[in-house]
2 protein chains.
Amino acid sequence: MGVQKEFIDLAVRAMDKAREVTLGNFRTGINIDTKADASPVTIADREAERIIREMINAEFPDHGILGEEFGPENIDAEWVWVLDPIDGTAGFVTGKPLFGTLVALARGGKPVFGAIDAPAMNERWLGAEGTPTTMNGKAVKVRECANLNDAWLYATTPDMFIGENKKSFENLSTAVKRTNYGADCYAYGLLASGHVDLVCEASLGTYDFMALAPVVIGAGGIMTDWQGKSLDINSDGRVVAAGSKNVHGAALEKLGN
Amino acid sequence: MGVQKEFIDLAVRAMDKAREVTLGNFRTGINIDTKADASPVTIADREAERIIREMINAEFPDHGILGEEFGPENIDAEWVWVLDPIDGTAGFVTGKPLFGTLVALARGGKPVFGAIDAPAMNERWLGAEGTPTTMNGKAVKVRECANLNDAWLYATTPDMFIGENKKSFENLSTAVKRTNYGADCYAYGLLASGHVDLVCEASLGTYDFMALAPVVIGAGGIMTDWQGKSLDINSDGRVVAAGSKNVHGAALEKLGN
């Protein structure tokens, strides 16, 4: 099994190119919301995705593509790329350097390769089925955490939990050691590198979560939906990632299982 | 008036030294909470503050010092240094690179010099009364924001607002364009550099806010308590910083004035 080396190689080259665009539009000092269409974040988002799509189309024309900025292409293909050119748009817009470019490759709807690229940090996590996750080429590993009440939890913002999800998250949040906010996809990289024990989020798009699971799993962690099921292209956008099995299980319980 | 060059020079050299300690203990891959006294964050916090104190004592023995880790020294002096060796401890502990070292100098209890040093980002903001704020030696400026509902707001976490403060903050948060969390002192640097319009926080210690005001004010911004009064050593830990006067005034109204 595993993922062909040339697919990963394409992803790496595409993210290198996308970095030029995202960094070139980062901290340009304009209040980016006054002109939505011509704002640096919109330009960076579209241009980065366009570059990645073009490279995929040129090298693997039979692959499908699902991206945040443009329409789906050939998504019944065996291999489908899932792209989020800028994850953490609100961070990007406010000069916070933790935004990321997310590139995933799904086979039969299941993510088998994922990359979290943090251009402003010059950090890139790569996770592929059957191989250890790396950060800038070096293998990384989740850390052990004995109990849920010792766990450091991340979520992008409490505002992502609505209705029943809010109650579930509060139930989890009050059971952990500490809840931190505001790291977007970067939190999953920190988890893969053994600095964070738990990430729990909701209201994510397919683009947001597909790349994260291979990174977390390849580092020895677990990442599922709130029912404990493996993530795929049809998952509902509620995810929980953990470094330890027992913390993951205890988190699912707090979320209502 | 102004701040003597040799005071600022000392702060810069002290922060250089403190960086070695904080970065040397950052992302060391240990779950830092298992042994509180010997944890990397505790070591870094104490050692960084000790280094800065020693340099102040050696060069300006008549100055006072108020630091987070050790007791107050000579705080009735005309000049008093206020130190937070690691602001954003929860970020530090989880590998998030936005933590900062805060160094302020107060004269008669009022902050006349402040520095936000972000070691893992290699970014340092310096603000001194009567001179423009710099980031890595380059002058920075806040950005204009026409209205509160166009403003991008930061706060470290919603959990810092308790009781009446929570209601006030929610009143503000629902009136802005978007609320982001999780940047600690770094958010004030982003505001000074013109990427963020508003930062509102509560439950801060004297160590947390004293260094921030000179940075924000020297960049053309405004930073006060929730009543609109200038910050000093006795302020109550509820602060609001803005790039524009009208946004600051509108924020104070939402907070209950």
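Proteins get letters first, then strands, A, B, ... in listed order; numbering begins at 1 in each.
Side-chain contact between Met121(B) and Met121(A): present, with at least one pair of heavy atoms (C-beta onward) separated by less than 4.5 Å. Inter-residue side-chain proximity for Arg27(A) and Leu190(B) is flagged as met; some heavy-atom pair is nearer than 4.5 Å.
Among residues two or more places apart in sequence or in another chain, the salt bridge (Lys or Arg N to Asp or Glu O under 4.0 Å) test is passed with Glu68(B) by none. Every side-chain contact (heavy atoms from CB on, under 4.5 Å) that Asn149(A) has, sequence neighbours left out, goes to Asn147(A). With sequence neighbours excluded, the residues that form a side-chain contact (heavy atoms from CB on, under 4.5 Å) with Asn136(A) are Glu123(A), Arg124(A).
Options Ala187(A), Gly91(A), Pro97(A), Ala120(A) differ in how many heavy-atom pairs under 4.5 Å they form with chain B, and the most are formed by Pro97(A). Of the listed residues (Asn180(A), Thr179(A), Val196(A)), the greatest number of heavy-atom pairs within a distance under 4.5 Å of chain B belongs to Asn180(A).
When all heavy atoms are compared, the tightest approach of Gly182(B) to Lys96(A) is O-NZ, 4.4 Å.
Interface with chain B: from residues 153-166 of chain A, residues Tyr154(A), Thr157(A), Pro158(A), Asp159(A) qualify, criterion being any non-hydrogen pair under 4.5 Å.
At a 4.5 Å heavy-atom cutoff, the contact between Leu98(B) and chain A is made by side-chain atoms alone.
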